[in-house]
Amino acid sequence: MQNRHGIRLFLIRALLALMAIIMLLPMVQTFLYSFSSIPEMKAYMKTRGNRDEAEWMDAHLSPHMFSLGQYEQILIKDNTVLQYFINSVIYAAAILAGQALVLPAMAFGLSKFRFRGRETLFFLILMLMLLPFQVTMVPNVLTLRFVGLLNTVWAVILPMVFAPFYIFLLRQYMIALPDELLEASSIDGAGPFRSFLWIVLPVCRPVLGAAAALSFAEAWNLVEQPLTYLSQKPDLMPLSTVFNQLAGENTGFEFAGAGLYILPALLVYLFFQQDILSGIQLTEMK
Amino acid sequence: MYKKMRLAWPFILPGLAGLTLFYFIPFVGGIWYSVTDGSFENRFVGFENYATVWQNQMFQLGLRNTMELSLICAPLLFLLSFVLASLLHRIRPAGTFFRSSVLMPYLMPSSAVLIIWLLWFDYGGPVNHLLSLLGVQRINWLLGSELRVPVVLLFLWKNLGFCVIVFLSALQSIPESLYEYATLEGASFRRQTFSITLPLVVPSAFLVAILSFVSAFRIFKEVYFIGGPYPEEPLYTLQNYMNNMYGKLNYQNVTTAAYIFAAIVFVLFGILFFSQRHALRRLNGEE
């Protein structure tokens, strides 16, 4: 009995380990390949698309010779990748800053104030959250064109600042906070503003971290929005929309580009990992 | 807590203004476009656009592909995340490393991973190599309807983590003592799953089902990564149709297509909602 239990646990662990390898391998391999020299990578990528039944691509994990050539190319010699990368940074930073100003306050308003229409408003936000991007995209284009923001960076940034999902996430967390917390501070004479800044926000740290990390991930992987809102401005595109083209062109430095792009996301993940796990677990997601 | 509406305004107003400007007004205002003909006089044409778009072949192709891809992705996402969450739950409290590696891709830009992905699924690439070692004929993944396989797998790779964590947190909120009691009474693992685990995770399962569909409708991302801006027929999604119409400045057709899609999405969520209520009632009734 004890032995069978042990075998089963071992099998579960083996399955999970296999899953972990599949999950992590793309990142690991991207980083490893980014340290091979440009000629080596070019030659390797040329072996793609070979329909010869007898041949295989050379399957290797690490570069044959360590080289910083790819990074030198994209960071110093040729700045196209860097330019797109900077665009991505601008979008992500502006979106997150905007969200930080607007969304926690809104979630607080929707959770700790009682007013007519609160439930209706929250229901509408839920509906918006469920709508696929395609549905709001077109009407959005029309509004953006009307206010003259289409084909500017604001067209990508502004709609994302009011992303309904994060209002939902934060509100569900805040609504579970005990009222006594705020009552105590209002007895001490603090108004809603001071209570919000000094009590609610610090208490919400995990979910704020989770929301920031999730939102960063979304803003770092933008595709639909720039493709539609910036269709006339290819030089304003974020790096995320360019990889498909890079992969096709066989420039030899595509892996350094990908590695450069994964790195910030990796740092954000490592920094906020615990917040994401506990933020999701503590939020009443029903 | 605070009862005066006056106090709520400063908190709500900025967000509400943005939501109104960028979501509510466009959504309601777009209806106007879908019922006019876009000519100089901009006549009211009722449901004429809807009839035209509905019969358009490219729209039908895009809608069919979008629905097919979503109906492949969402159930797969749901089932896989339930299986992984149960496995992770069984080795608790260990497994921190597994938990964080399954969540990691959710935070990673899949746009950057696509280069590796294309390499893996190359005709002479590692996936085919593995298959041939198992004695299976090589498949040309990057052509025709096989293209859907790497697209769906990239989608699953990216989106699995979040659903797993939501499921896992539901499983962890079930009190341990219930299982201990059931084990003492001699209930098998399967019996425990059906009588304890399932009824208690139904609400979270519903949430995961919704999340699966919400993210499955975003599959255009993966389609664009692997198929490029002008994908082959098996990958031509609704978004491609809309981008195309939008490029031709045909706002009538784009908005119309958007509302048809919205109607379908809401019907689908309606069905999900009612099946959740049904499932809850049945599970509770059995006890």
Side-chain angles (χ1 to χ4, degrees), chain A residues 12-13 15-16 20 23-24 26-27 29-30 48-51 55-57 59 102 105-106 108-109 112-115 128 130-136 138-140 142-143 158-159 161-162 179 182 192 213 217 220-221 223-224 228 240 243-244 247 254 258 261-262 265 269 273 280-281 285-286, chain B residues 1-3 5 7-8 11-12 14-15 18-19 22-23 25-27 29-30 87 90-91 98 100-102 104-105 107-116 118 122-126 129 165-166 169 203 207 214 217-218 220-221 224-225 228 238-239 242-243 246 254-255 258 261-262 265 269:
Chain A
I12 290 177
R13 278 170 184 279
L15 262 178
L16 287 172
M23 289 297 179
L24 300 180
M27 276 84 77
Q29 210 177 350
T30 302
R48 285 184 306 174
N50 188 349
R51 300 298 303 274
E55 299 215 16
W56 292 110
M57 285 182 85
V102 175
M106 178 139 195
F108 181 58
K112 289 293 166 197
F113 291 86
R114 219 152 285 153
F115 57 86
L128 277 185
L130 297 181
L131 278 180
F133 170 74
Q134 294 93 323
V135 176
T136 41
V138 188
N140 237 326
L142 303 173
T143 318
L158 286 176
V161 163
F162 304 97
D179 277 348
L182 294 169
W220 202 240
N221 204 24
V223 171
E224 296 94 331
T228 15
S240 43
F243 282 108
N244 183 286
E254 52 272 64
Y261 209 55
I262 291 176
Y269 178 62
Q273 186 186 1
I280 295 171
Q281 274 168 21
M285 293 273 267
K286 289 152 214 161
Chain B
M1 163 68 200
Y2 299 107
K3 295 209 174 66
M5 185 153 188
L7 292 174
F11 292 99
I12 304 267
L19 280 175
F22 292 109
Y23 293 90
I25 292 182
F27 187 72
L87 291 182
R90 291 211 69 192
I91 60 164
F98 296 138
S100 61
S101 53
V102 75
M104 193 165 177
L107 276 284
M108 294 298 125
S110 46
S111 50
V113 170
L114 86 106
I115 305 181
I116 282 289
L118 290 173
D122 197 82
Y123 194 68
H129 209 151
I165 300 301
V166 174
S169 71
L207 177 75
V214 170
F217 287 133
R218 296 206 186 116
F220 171 74
K221 236 183 198 123
Y224 174 78
F225 290 151
L238 212 50
Q239 177 89 46
M242 291 164 101
N243 283 358
Y246 170 64
V254 205
T255 42
F261 190 41
V265 168
F269 287 136

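Each chain gets a letter, A, B and so on, in the order its sequence line appears, and its residues count up from 1. These numbers come from a predicted model, not from an experiment.
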Interface residue of largest heavy-atom contact number with chain A, from [options], under 4.5 Å:
options	value
B/M108, B/H129, B/R90, B/R218	B/H129
B/P126, B/G29, B/G228	B/G228
B/V113, B/I25, B/L87, B/T255	B/L87
B/G18, B/G30, B/P14	B/G18
B/Y224, B/F27, B/F220, B/F217	B/Y224

Inset, instruction - Return the set of residues passing side-chain contact (heavy atoms from CB on, under 4.5 Å) with B/A262 (not counting sequence neighbours), or none when no residue passes. - result: A/L131, A/V135
Legend entry - Pair A/S240-A/N221, side-chain donor/acceptor within less than 3.5 Å: no
Inset, instruction - State, with a plain yes or no, whether a side-chain heavy atom of A/F115 is found less than 4.5 Å away from one of B/I12. - result: yes
Inset, instruction - Over 60° means perpendicular and under 30° means parallel, so classify the ring planes of A/Y261 and A/F243, tilted if in between. - result: tilted
Legend entry - A/T228 versus chain B, the contacting section by heavy-atom distance below 4.5 Å: both
Legend entry - Side chain / backbone / both / neither for A/L128 at chain B, heavy atoms under 4.5 Å: side chain
Among [options], which residue has the highest count of heavy-atom pairs closer than 4.5 Å to chain B?
options	result
A/A20, A/G109, A/P159, A/A258	A/P159
A/P26, A/A217, A/A213	A/P26
A/M57, A/M27, A/E254	A/M57

Heavy-atom pair of closest approach, residues [X] and [Y]:
X	Y	answer
A/W56	B/G124	CE3-O, 3.5 Å
B/Q239	A/F133	OE1-CD2, 3.8 Å
B/P105	B/S101	CD-O, 3.3 Å

Region of [X] in contact with chain A, defined by heavy-atom distances below 4.5 Å:
X	result
B/L114	side chain
B/F225	both
B/V265	side chain

Legend entry - Under the side-chain hydrogen bond (donor to acceptor under 3.5 Å, both in side chains) test, residues paired with B/S100 that sit two or more places apart: A/Q273
Inset, instruction - State yes or no: are the ring centers of A/F162 and B/Y23 separated by less than 6.0 Å? - result: no
